[in-house]
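Just so you know, ligand 1 is whichever comes first in the structure, and atom 1 is the first atom listed for that ligand.
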Amino acid sequence: MLTIALSKGRILDDTLPLFERFGVFPMENPSKSRRLIIESNKPDIRFLIIRASDVATYVQFGAADAGVVGKDLLLEHGGDGMYETLDLNIARCRMVVAEPETASATSQAASVARLRIATKYPNITQKHFAAKGIQTEIIKLYGSMELAPLVGLADSIVDLVDTGNTMSANGLKEVETIADISSRFVVNRASMKLKRQALSIVIDRMRESLKGSEH
Ligand code: AMP
């Protein structure tokens with residue numbers, strides 16, 4: 001039995017068609033069902049429907065053999081105990097540092113004792129600025145990071161950007177890109193050994209599905 005962790009929202013909407021292309025689909029609509037474990041039409045594959053930020057943890061500890069997780073959450077988690085096997089090229093966006101259009105907080109960092117940065121990604125943010133020798137005070141938020149600099153909670157933010165509309169609607173400008181983000185298919189290290197054959201088939205078929213979805 002292969003247990004594959006997925007999360008609701010855009011990852012689910014974009015990932016299920018990849019499975020469907022090689023004939024695997026959930027027996028219930030995961031977007032509507034309240035069930036957290038959903039069987040597939042194949043007796044040897046089932047899905048876990050969990051929070052996006054928990055997928056890497058389930059795969060790390062082998063509670064799921066594999067999962068689909070955003071590179072942002074994978075970097076934040078650290079990726080211990082798993083292999084990143086495929087870039088699914090979905091839910092693409094960028095992780096950026098942004099600050100108010102009227103300020104230049106980041107460029108003034110040298111003169112600011114500690115740059116205050118609001119983010120959902122404290123580990124990535126800490127690493128990024130530490131590598132540049134910039135001291136930061138990180139303020140962990142769970143959403144709407146764009147608000148923080150507008151009300152004086154932070155000098156700048158680290159967040160995801162797709163079209164850039166949310167940033168500009170809130171008077172923020174991008175200062176730098178930290179990473180290009182997309183969803184990845186990750187596999188638990190022990191499962192890769194113990195269930196190599198079954199996992200290789202899924203990985204190969206996913207790869208084929210991806211080719212089919214390229215334009
Ligand atoms: P946008 O206005 O198109 O730049 O979208 C920005 C908002 O959508 C921000 O609040 C981001 O956190 C969120 N966002 C954009 N792309 C993604 C993604 N691939 N995964 C998760 N959140 C995203």
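Residue-to-ligand polar distances keep V161 apart from ligand 1: every N/O pair is separated by 3.5 Å or more.
At least one heavy atom of E146 sits closer than 4.0 Å to an atom of ligand 1. Taking a 4.0 Å cut-off on heavy atoms, G70 fails to register as neighbouring ligand 1. A heavy-atom separation below 4.0 Å is not found between M167 and ligand 1.
Salt bridge status for R10 with D13: absent, with no side-chain N to carboxylate O gap under 4.0 Å. Using a 4.0 Å cut-off between charged side-chain N and carboxylate O, R184 and D87 make a salt bridge.
Protein heavy atom nearest atom 8 (O) of ligand 1, with residue, atom name and distance: R10 NH2, 4.2 Å. Among protein heavy atoms, the minimum distance from atom 12 (O) of ligand 1 is reached at D159 OD1, 3.3 Å. The protein non-hydrogen atom at the shortest distance from atom 15 (C) of ligand 1 is D162 CB, 3.7 Å. The nearest protein atom to atom 11 (C) of ligand 1, hydrogens excluded, is given as L160 O, 3.2 Å; this is a heavy-atom distance. Taking atom 7 (C) of ligand 1 as the reference point, the nearest protein heavy-atom neighbour is T166 OG1, 3.8 Å. Closest to atom 1 (P) of ligand 1, if we only count protein heavy atoms, is T163 OG1, 3.3 Å. Here the protein heavy atom with the shortest distance to atom 19 (N) of ligand 1 is A91 O, 2.9 Å.
With a 4.0 Å cut-off on non-hydrogen atoms, I181 does not touch ligand 1 at all.
V59 and F61 are not part of a single hydrophobic cluster, where members link through side-chain heavy atoms under 4.5 Å apart. Residues V69 and L16 are members of separate hydrophobic clusters, defined by side-chain heavy-atom contacts under 4.5 angstrom among Ile, Leu, Val, Met, Phe, Trp and Tyr. Cluster membership check: L141 does not share its hydrophobic cluster with M95, using side-chain heavy-atom separations under 4.5 Å among Ile, Leu, Val, Met, Phe, Trp and Tyr. Note on V186 and Y58: same hydrophobic cluster, where clusters join Ile, Leu, Val, Met, Phe, Trp and Tyr whose side-chain heavy atoms are under 4.5 Å apart, directly or indirectly.
At a cut-off of 3.5 Å, with distance as the only test, no side-chain donor of R92 or S182 sits close to an acceptor on the other residue.
A side chain to side chain contact (heavy atoms under 4.5 Å, CB included) with S183 holds for exactly one of V55, L86, I90; it is I90.
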